[in-house]
Protein chains: 2
Amino acid sequence: MVSVTENTEQKIIDAACKVFILKGMDGARMQEIADEAGINKALLHYYFRSKNKLFDRVFVEIFSGITTLLSDVVSSSADIVELIDNMVHNYIHLISERPFVPDFVLHELNRNPQLIVEQIKLNGIDFSKFQQLIINGVTKNKIRPINPVHLIVNILSMCIFPFVAKPIIMGFMLNGDEAKYQHFIDERTEHVTTFIKNSLFINPAEK
Amino acid sequence: MVSVTENTEQKIIDAACKVFILKGMDGARMQEIADEAGINKALLHYYFRSKNKLFDRVFVEIFSGITTLLSDVVSSSADIVELIDNMVHNYIHLISERPFVPDFVLHELNRNPQLIVEQIKLNGIDFSKFQQLIINGVTKNKIRPINPVHLIVNILSMCIFPFVAKPIIMGFMLNGDEAKYQHFIDERTEHVTTFIKNSLFINPAEK
DNA sequence: ATTTGTTTTAACTGTTTGGTTAAATCGAAT
DNA sequence: ATTCGATTTAACCAAACAGTTAAAACAAAT
């Protein structure tokens, strides 16, 4: 009986993830989520009393996937080179599997910046270790001096933006060709890591 | 009488821009737009028959501002260095004045990619000239070989993403300090141009 | 003074939507 | 056999919302 319960709850969350990510909070409909989960609206409200409660639950779930990855990458990287390789590779890989997640997260965060407060409580990121890796890289004369905040924003930008801006990239640069876009994404990991390292390292031989 | 008409129409469009940008298509309410314009709902429908028609008009207006800037920058740049300087400076400057525009445009474009088709008809960007500037830079041995699509995506990413991701940057990296974020943005133009040039130029002296 | 297009007022329609309710059904555990 | 939570059915409510309508007021041009 317990297994049935968890099963249904998970089915609801999965369905809610799908619908919320595609339509956003404002565009999503409870009926559509119920349909997607293969249940009816009454049962949906039986599990999650309101749309807001369901959304909050789903948002935490989605967002923590992103921050967890960042935490893991930072804590498992020994130096700045490893950090860059891991971050770029893992983020592009993660987002490739759920390409609409970034637009969803960013849009809902702009709609209600309060949401981030809850997330920080749940998933505190040790930004200090990230900074330390960069400082180490600089002091050992391996890379140019750089503001850690700018660097991490640069990395995240170049990994995430291409997915959020897919319609623009396809429309204006790739003649609406889906295959070309896929090829562009396939090249992206290699390109971004090289681009960043070229910028950071004074002497290319040290890479 | 004509002037009055244009005045009201402009007032409506200004109000619609404001509300649509902040709330998105799904979150915006016709009543709120009417209030913001200082008129009533009846008159709003008298000018723009439906929410969709009003949205389309507003979206074209907002989006063309972005593409026009890109066109101007490309056509007014003599070489790759000028292009980078102009693009980074002008985009960060433009977005600084209306920081919620990128999230609005990207979100609506993902919600309805069809919108881009209309935009391409109205604002065809000469992507070829952009490519030519890069190829020239490469052949004259001034910069490393680079895929033009990746380069332009890199530039746009690093200019636009920091605004879309403001809640994340502030929440996780700047302790929620608005002043620190403003300082970060103020540094951004200089940082991004340097970061890109460091990556492109093999010999820093050639910059 | 009359016409014409603009604007307001205010009520209204029809639909969508989030959420509720009550009764019935079903399945498993006791 | 009974109990209990899970699930369905189906109807319902109240609020929000896009859009309409008709009549009146208004302002400028003729």
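We name chains A, B, ... by the order of the sequence lines, and we start the count at 1 in each one. Being a predicted model, the structure only gives us computed values, none of them experimental.
In this structure, Glu32(A) atom CD and dT16(C) atom P are separated by 14 Å, rounded to whole Å. In this entry the distance linking CG of Asp35(B) with C1' of dT8(C) reads 14 Å, nearest Å. Regarding Leu43(A), its CG atom lies at a distance of 18 Å from the P atom of dT25(C), rounded to whole Å. Per the geometry, CG belonging to Asn7(B) stands 13 Å off C1' belonging to dT6(C), to the nearest Å. dA16(D) atom P lies 14 Å from atom NZ of Lys23(B), rounded to whole Å. Between Phe48(A) atom CZ and dT7(D) atom P there is a gap of 12 Å when expressed in whole angstrom units. The nearest whole Å value for the distance from the CG atom in Leu44(A) to the P atom in dT8(D) is 11 Å. Rounded to whole Å, the distance from CZ on Phe55(B) to C1' on dA18(D) is 16 Å.
Of the side-chain N and O atoms in Thr8(B), none sit less than 4.0 angstrom from OP1 or OP2 of dT6(C).
Partners of Ser199(A) by side-chain contact (heavy atoms from CB on, under 4.5 Å), not counting sequence neighbours, listed by chain and number: Phe195(B), Asn198(B), Ser199(B). Every residue was checked against the salt bridge (charged side-chain N to carboxylate O under 4.0 Å, His left out) condition with Glu97(B), not counting sequence neighbours, and none meets it. For Phe127(A), the ring pair (Phe, Tyr, Trp, His ring centres under 6.0 Å) criterion is met by Phe130(A), not counting sequence neighbours. Lys51(A) is linked by a side-chain hydrogen bond (donor to acceptor under 3.5 Å, both in side chains) to nothing, counting only residues two or more places apart in sequence or in another chain. A search for side-chain hydrogen bond (donor to acceptor under 3.5 Å, both in side chains) contacts involving Glu82(A) returns nothing, not counting sequence neighbours. For Asp26(B), there are no side-chain hydrogen bond (donor to acceptor under 3.5 Å, both in side chains) partners, not counting sequence neighbours.
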Set out, line by line, the N/O atom pairs under 3.5 Å between protein and nucleotides 17-21 of chain C.
| unit_1 | atom_1 | unit_2 | atom_2 | d |
| --- | --- | --- | --- | --- |
| dT17(C) | OP1 | Arg29(A) | NE | 2.7 |
| dG18(C) | OP1 | Ala28(A) | O | 3.4 |
| dG18(C) | OP1 | Arg29(A) | NH1 | 3.3 |
| dG18(C) | OP1 | Lys51(A) | NZ | 3.2 |
| dG18(C) | OP2 | Met30(A) | N | 3.2 |
| dG19(C) | OP2 | Lys51(A) | N | 2.6 |
| dG19(C) | N7 | Lys41(A) | NZ | 3.2 |
| dG19(C) | O6 | Lys41(A) | NZ | 2.6 |

Cut-off 3.5 Å, no hydrogens considered: what does the side-chain donor-acceptor table look like for residues 163-180 of chain A, sequence neighbours left out?
| unit_1 | atom_1 | unit_2 | atom_2 | d |
| --- | --- | --- | --- | --- |
| Lys166(A) | NZ | Glu178(A) | OE2 | 2.9 |
| Asp177(A) | OD1 | Ala179(A) | N | 2.9 |
| Asp177(A) | OD1 | Lys180(A) | N | 3.2 |

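Listed for the Arg98(B) side chain is no donor-acceptor partner under 3.5 Å among the backbone atoms of Ile62(B).
Across the interface with DNA chain D, nearest-nucleotide mapping of Tyr46(A) and Asn40(A) shows Tyr46(A) to be the residue nearer the 5′ end.
At a non-hydrogen distance threshold of 4.0 Å, nothing from residues 107-115 of chain B comes into contact with DNA chain D.
Side-chain contact check for Gln10(B) and Asp14(B): at least one donor-acceptor pair (N or O, by modelled atom type) lies under 3.5 Å.
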